[in-house]
Amino acid sequence: MPSDNSNKWGIVFCPKSGAFRPNSKWEKVEKCLKDKGVDYDFVQSENSSSVDRLVKMMINNGYKTLVVVGGDSALNDAINCLMQVPKEVRETISLGVIPNGLMNDFTHFWDIQDNELERCVDIIMKKRVRKVDLGCIRYTNEKNERCHRYFLNCLCIGLVASVIRQRRRSSGAFGWRKLAFIPSSLLMIFQRLEYKMRLRIDTEVIDRKVMTVCIGNAQGYGFTPNAVPYNGLLDVSVVYHPEVAQLIEGFYLLYSGKILNHRSVHPYRTREILVDKAERALVGIDGRIMNTPVGPFRVSVEQEVLNFIIP
């Protein structure tokens, strides 16, 4: 590995989907890096599938500080790439982020805001690192292959995954993150979508119709507001379908961080959840829809496996 790259930042820039001028963010980042004298190399992803390839390239070329300029989905690609390398290599690499997505939920957990570019760069320069947990889904795909994928923020089953899909189709129309879910939610919620599910959480079995399940390693877009990515546990919110009269209350509680107070939300904290059945329900992982698992699947937590640069 080239030794002169070990002190450089390896930056992967992921343009925001649907943005009017997708490269304008990089122009600002580039100016800030030059003003602060940061030594770096950067590459730009063409699409979501290229992030994995570019992160691998950075790792193979000896970069020890990897920085993603992107959102939750780009971070998800980066961590899954990092989890493929040997542990002794991964232990030498730290991951930082400059938010450039629609929601950026994982960075908001650390109080890293979208419009604080100089502060984001300063945080990475100080390189205060904390080992964080990752959630992991283990499932079988349509080719009968055993697969797994990691997540930093959350995994959603049912309505929230459908909202994520709808939001991505209309991305760019709403700039404020707290408003980003509302139009899509309103389109989906009145369809009264429910899914027959069978879940096993510790000793409890849930076998009934469910609107959505959110499994959070972090805030989970507001559905797991008390989750933290460093306690070795996942927060789970199982949401039964509320009456129409309760929807306004539900929106208020969601956007005020108090969704667990809603009578239709049932919270759990666990190391593992088994999903025996989730009929017709989409599965979303860190803001992106994944190929729906075939048959039962398991979601668990892996404790302190990734070096993340925090404030």
Side-chain angles (χ1 to χ4, degrees), residues 71-73 75-76 101-110 133-137 151-168 174 176-189 191-195 197 199 201 204 206 208-229 231 233-243 246-273 275 278 281-290 299-301:
D72 290 330
S73 298
L75 270 177
N76 183 274
L102 181 60
M103 298 293 286
N104 305 310
D105 214 52
F106 192 72
T107 55
H108 290 142
F109 171 82
W110 300 102
D133 302 342
L134 296 178
C136 183
I137 176 174
F151 60 93
L152 271 168
N153 183 33
C154 68
L155 181 142
C156 299
I157 311 167
L159 179 69
V160 173
S162 298
V163 169
I164 288 171
R165 181 175 66 175
Q166 183 67 29
R167 177 184 60 81
R168 292 184 72 89
F174 299 91
W176 185 37
R177 65 181 300 270
K178 290 201 175 217
L179 286 177
F181 259 17
I182 292 179
S184 301
S185 300
L186 291 174
L187 288 173
M188 305 298 298
I189 201 112
Q191 296 180 27
R192 301 191 63 79
L193 294 177
E194 293 179 293
Y195 307 90
M197 297 192 192
L199 315 170
I201 306 173
E204 184 166 347
I206 300 169
R208 57 161 294 167
K209 286 185 177 180
V210 173
M211 187 174 75
T212 196
V213 177
C214 189
I215 304 169
N217 184 53
Q219 293 177 339
Y221 303 116
F223 283 90
T224 54
N226 297 331
V228 295
N231 65 354
L233 296 167
L234 297 169
D235 279 23
V236 182
S237 291
V238 180
V239 185
Y240 304 151
H241 208 302
E243 298 299 323
Q246 299 172 4
L247 290 176
I248 295 175
E249 178 194 10
F251 276 117
Y252 168 76
L253 292 174
L254 175 62
Y255 294 107
S256 61
K258 301 176 182 177
I259 191 63
L260 301 185
N261 293 337
H262 198 281
R263 68 195 74 180
S264 296
V265 178
H266 300 264
Y268 302 85
R269 181 164 282 175
T270 184
R271 291 187 60 85
E272 180 179 79
I273 174 172
V275 181
L282 292 175
V283 177
I285 187 166
D286 281 350
R288 180 186 295 151
I289 298 301
M290 64 179 293
V299 184
S300 58
V301 63

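Every value quoted in this text rests on a predicted model; they were computed, and no experiment measured them.
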(request) Could you please spell out the steps behind the side-chain contact (heavy atoms from CB on, under 4.5 Å) verdict for Cys214 and Tyr221? (result) CA-CA 9 Å; Cys214 189; Tyr221 303 116; 6.0 Å; no

(request) Go through the steps to decide whether Leu199 and Tyr268 satisfy the test side-chain contact (heavy atoms from CB on, under 4.5 Å), and finish with yes or no. (result) CA-CA 12 Å; Leu199 315 170; Tyr268 302 85; over 6 Å; no

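Judged purely by atom type and a 3.5 angstrom limit, Ser73 uses its side chain to pair as donor or acceptor with the backbone of Asp286. Side chain of Thr224 to backbone of Ala218: a donor-acceptor contact under 3.5 angstrom is found.
Here CZ of Phe223 is found 7.5 Å from CG of Leu159. Values are rounded to the nearest 0.5 Å. Separating the OG atom in Ser300 from the CG atom in Leu233 is a distance of 12.0 Å, to the nearest 0.5 Å. Summarising the geometry, atom CD1 belonging to Ile215 is positioned 11.0 Å from atom CG belonging to Asn217; distances are rounded to the nearest 0.5 Å. Atom-to-atom distance recorded for Leu155:CG and Ile137:CD1 is 5.0 Å, nearest 0.5 angstrom.
Using a 4.5 Å cut-off on side-chain heavy atoms (C-beta onward), Phe151 and Cys156 make no contact. Residues Val238 and Ile201 have side chains in contact (heavy-atom distance under 4.5 Å, counting atoms from C-beta outward). A 4.5 Å side-chain heavy-atom check between Leu260 and Ser237 finds at least one atom pair inside the cut-off.
Considering every non-hydrogen atom in both Ala227 and Gly216, the closest pair reads CB-O, 3.7 Å. When all heavy atoms are compared, the tightest approach of Val213 to Val210 is CG2-CG1, 3.9 Å. Taking each heavy atom of Met197 and Ala278 in turn, the nearest pair found is CG-CA, 4.0 Å. In plain terms, the two heavy atoms of Asp133 and Leu152 that are nearest each other are O-CD2, 4.3 Å. Considering all non-hydrogen atoms of both residues, Arg269 and Asn226 come closest at NH2-O, 3.2 Å. Here the closest non-hydrogen pair linking Asn104 and Gly71 is OD1-CA, 3.3 Å.
In this structure, Phe106 and Phe109 have parallel ring planes: the angle between them is below the 30° cut-off, well short of the 60° mark.
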